[in-house]
Amino acid sequence: MTTRTFWLAQMEKIARPVLEAAASNRLRKEMARYSKNPNTALTALGRTLAGLAPWLELEAVFDAKERQLQKEFRQLALANIAHAVDPTNPEKLDFSDANGTGEQPLVAAAFLAHALIRAPKQLIKQLSEVTRQQLLHEFRCSRDLLQHDDDSWVLFAAMVEAALHQLGDPNCDLLRINHAFSLLDQWYIGDGIYGDGTSFANDYYNSFVIQPMLVDLVKRYPVIATNPQPQDLSFPTKVMARGTRFAQLQELLINTDGTYPVYGRLMCYRFGCFQHLAQAALQGFLPETLSGGQVRSALTAVMKKVLSAPDTFDKHGFLTVGVYGSQPTMGEPEINVGSCYLCLGVMLPLGLSEITSFWAEPATDWTAKKIWSSQPVQRDQAYQE
């Protein structure tokens, strides 16, 4: 089994139960087994598609089995979205607070929006006109949920606005994107790390949410033409430089055996904590000191370690809440089974063709393995702007 084949097998094992349940219009019922919150289904779907999107978008798939799997999952994804937004569907998913779910539908909608941004050809252009209009309506409903402006939730609002723009909404408000840029720049702490608002918590949220969404937004909206106020045109360059440094920090966290420090909130997202490193590999902004083969080896070691735990999946095939197997006490009150599918963010490099350096380079020891086997390694240095 090649490394890519291993990644594909793990991706399929994690994602298939969600995609098949959503395509057969039973995801709400499946998720109701784990949580009374009706938003759990959209949470699972949005995060699953966000992790798969670059692979769904990939055109250069040469292996016949992989190409067939991709074709199937593309069809499932489009069926998922159509069911999710159909107002005549009694199992339609919740994008608003109609069922008393508070602000959480905005978060779930933002991850689905991120999936669309990552796969415009396969998840936007392939939509029927009816589904596109229904999706526009649902995203517009989610806009009314933002009630605070002092933390990274501004990125959720910005991501929804980006999706509205990509879907062709003439009334989208790109100022929400620029507003998020302005605030995130103010919240930059240094050495490649942002605060979640003006406060700082030592956790993986920069990789779970902040930097992946921020990078994808600045790549698509380096200049907000509709902004009537002065814009910092250097911000996209700063974001990418900071992102490169943060990717370097992420690689340093992977231990020789594929374990990694477990600290801070939301750790039940498992190896989704390395989404940013995976995105840096996908989009080509890894630091010069890290090769594709090195990062691939490190992320593979993490996957193998985490997925070796018993009870990672329940008897229905869905993820359990935990870091290493089923550890429900490690989840925050707002965490549910649907939340755990952010782990698929580590799969972003599947959006690279098998002939790219990430997949074609020989396996290489990552930094921790080099250090603890007495190999020469350059000392780490903080990043200064």
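The analysis underlying the following values was restricted to heavy atoms, covering all of them including side chains, and did not include hydrogens, waters or symmetry mates.
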Output, in order, the C-alpha distance, side-chain angles, deciding distance and verdict of ring pair (Phe, Tyr, Trp, His ring centres under 6.0 Å) for His276 and Phe285.
CA-CA 10 Å; His276 179 77; Phe285 61 92; 5.5 Å; yes
Just do the ring pair (Phe, Tyr, Trp, His ring centres under 6.0 Å) check on Tyr221 and His165 with the steps written out, would you?
CA-CA 11 Å; Tyr221 300 96; His165 180 254; 5.4 Å; yes
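- The environment of NE2 in His316 is crowded: more than 12 heavy-atom neighbours from other residues, nucleotides or ligands sit within 6.0 Å.
- Counting non-hydrogen atoms of neighbouring residues, nucleotides and ligands closer than 6.0 angstrom, the NZ atom of Lys13 reaches no more than 12 such neighbours.
- Put simply, the side chain of Thr312 gets close to the backbone of Ala309: a donor and an acceptor are under 3.5 Å apart.
- Criterion: ILVMFWY side-chain heavy atoms under 4.5 Å apart, direct or through other members. Under it, Leu116 and Val107 are part of a common hydrophobic cluster.
- Salt-bridge check for Asp185 with Arg242: passed, with a basic side-chain N closer than 4.0 Å to an acidic carboxylate O.
- The backbone N or O of Leu277 lies less than 3.5 Å from a partner atom in the side chain of Gln250, making a donor-acceptor pair.
- By the rule that hydrophobic residues join a cluster once side-chain heavy atoms approach within less than 4.5 Å of another member, Val302 and Trp372 end up as members of separate clusters.
- Remark: the Asn206 side chain and the Gln211 side chain contain an N/O donor-acceptor pair separated by less than 3.5 Å.
- The cationic group of Arg47 does not satisfy the cation-pi geometry with Tyr341, failing either the under 6.0 Å distance to the six-membered ring centre or the 45° limit from the ring axis.
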Donor-acceptor contacts, no H, no angles, side chain residues 119-127, under 3.5 Å, sequence neighbours left out:
{"from": "Lys121", "atom 1": "NZ", "to": "Glu59", "atom 2": "OE2", "distance (Å)": "3.4"}

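- Classification of Arg26 and Glu20 as a salt-bridged pair fails, no side-chain N sitting under 4.0 Å from a carboxylate O.
- The pair Arg143-Glu138 does not meet the salt-bridge criterion, since no charged nitrogen lies less than 4.0 angstrom from a carboxylate oxygen.
- Side-chain atoms of Ser142 come within 3.5 Å of backbone atoms of Phe139 as a donor-acceptor pair (strictly under, hydrogens ignored).
- A ring-centre distance under 6.0 Å is not found for Tyr194 and Tyr205.
- Looking only at distances, a side-chain donor or acceptor of Trp366 sits under 3.5 Å from a matching main-chain atom of Asn255.
- Using modelled atom types, no side-chain atom of Gln70 and backbone atom of Glu66 make a donor-acceptor pair closer than 3.5 Å.
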Intermediate values then yes/no, salt bridge (Lys or Arg N to Asp or Glu O under 4.0 Å), Asp63 and Arg4:
CA-CA 11 Å; Asp63 179 78; Arg4 186 178 179 92; over 6 Å; no
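- Checked for salt-bridge contact, Asp86 and Lys92 miss the test: no charged N lies under 4.0 Å from a carboxylate O.
- The closest side-chain donor-acceptor pair between Tyr34 and Asp314 falls under 3.5 angstrom.
- No side-chain N or O of Tyr324 forms a donor-acceptor pair with one of Thr259 less than 3.5 Å apart.
- Atom CD1 of Ile14 is separated from atom CG of Leu307 by 5.5 Å, given to the nearest 0.5 angstrom.
- Electrostatic pairing of Asp169 and Arg132 does not count as a salt bridge here, judged by no charged N lying under 4.0 Å from a carboxylate O.
- Using modelled atom types, one finds no donor on one side chain facing an acceptor on the other under 3.5 Å when comparing Gln384 with Arg245.
- Looking only at distances, no side-chain donor or acceptor of Arg28 sits under 3.5 Å from a matching main-chain atom of Ala41.
- A ring-centre distance under 6.0 Å is not found for Phe246 and Tyr383.
- Under a hydrophobic-cluster definition in which Ile, Leu, Val, Met, Phe, Trp and Tyr are linked whenever side-chain heavy atoms come within less than 4.5 Å, directly or via other members, Leu286 and Leu253 are assigned to the same cluster.
- Counting only N and O atoms by type, the side chains of Ser207 and Gln275 include no donor and acceptor under 3.5 Å apart.
- Judged purely by distance below 3.5 Å, without hydrogens or angles, the side chains of Gln104 and Asn37 never pair a donor atom with an acceptor atom.
- Under a 4.0 Å N-O distance rule, the pair Asp257/Lys304 does not qualify as a salt bridge.
- Between Trp359 and Trp7, a ring centre-to-centre spacing shorter than 6.0 Å is recorded.
- Using a 3.5 Å distance cut-off with no hydrogens or angles, the side chains of Thr289 and Gln378 do not pair a donor with an acceptor.
- Here the side chain of Glu161 pairs no donor or acceptor atom with the backbone of Arg176 at under 3.5 angstrom.
- There is no side-chain donor-acceptor pair under 3.5 Å between Ser353 and Thr356.
- Cluster membership check: Met11 does not share its hydrophobic cluster with Val61, using side-chain heavy-atom separations under 4.5 Å among Ile, Leu, Val, Met, Phe, Trp and Tyr.
- Thr5 places no side-chain N or O within 3.5 Å of a backbone atom of Met1 that could act as its donor or acceptor partner.
- Ion pair Arg220/Asp216 flagged as a salt bridge, since at least one NZ, NE, NH1 or NH2 atom sits closer than 4.0 Å to an Asp/Glu carboxylate oxygen.
- Within 6.0 Å of CD on Glu288 lie no more than 12 heavy atoms contributed by other residues, nucleotides or ligands.
- No hydrogens or angles considered: nothing links the side chains of Thr320 and Asp311 as a donor-acceptor pair under 3.5 Å.
- No donor-acceptor pair under 3.5 Å is formed between the side chain of Ser35 and the backbone N or O of Ala32.
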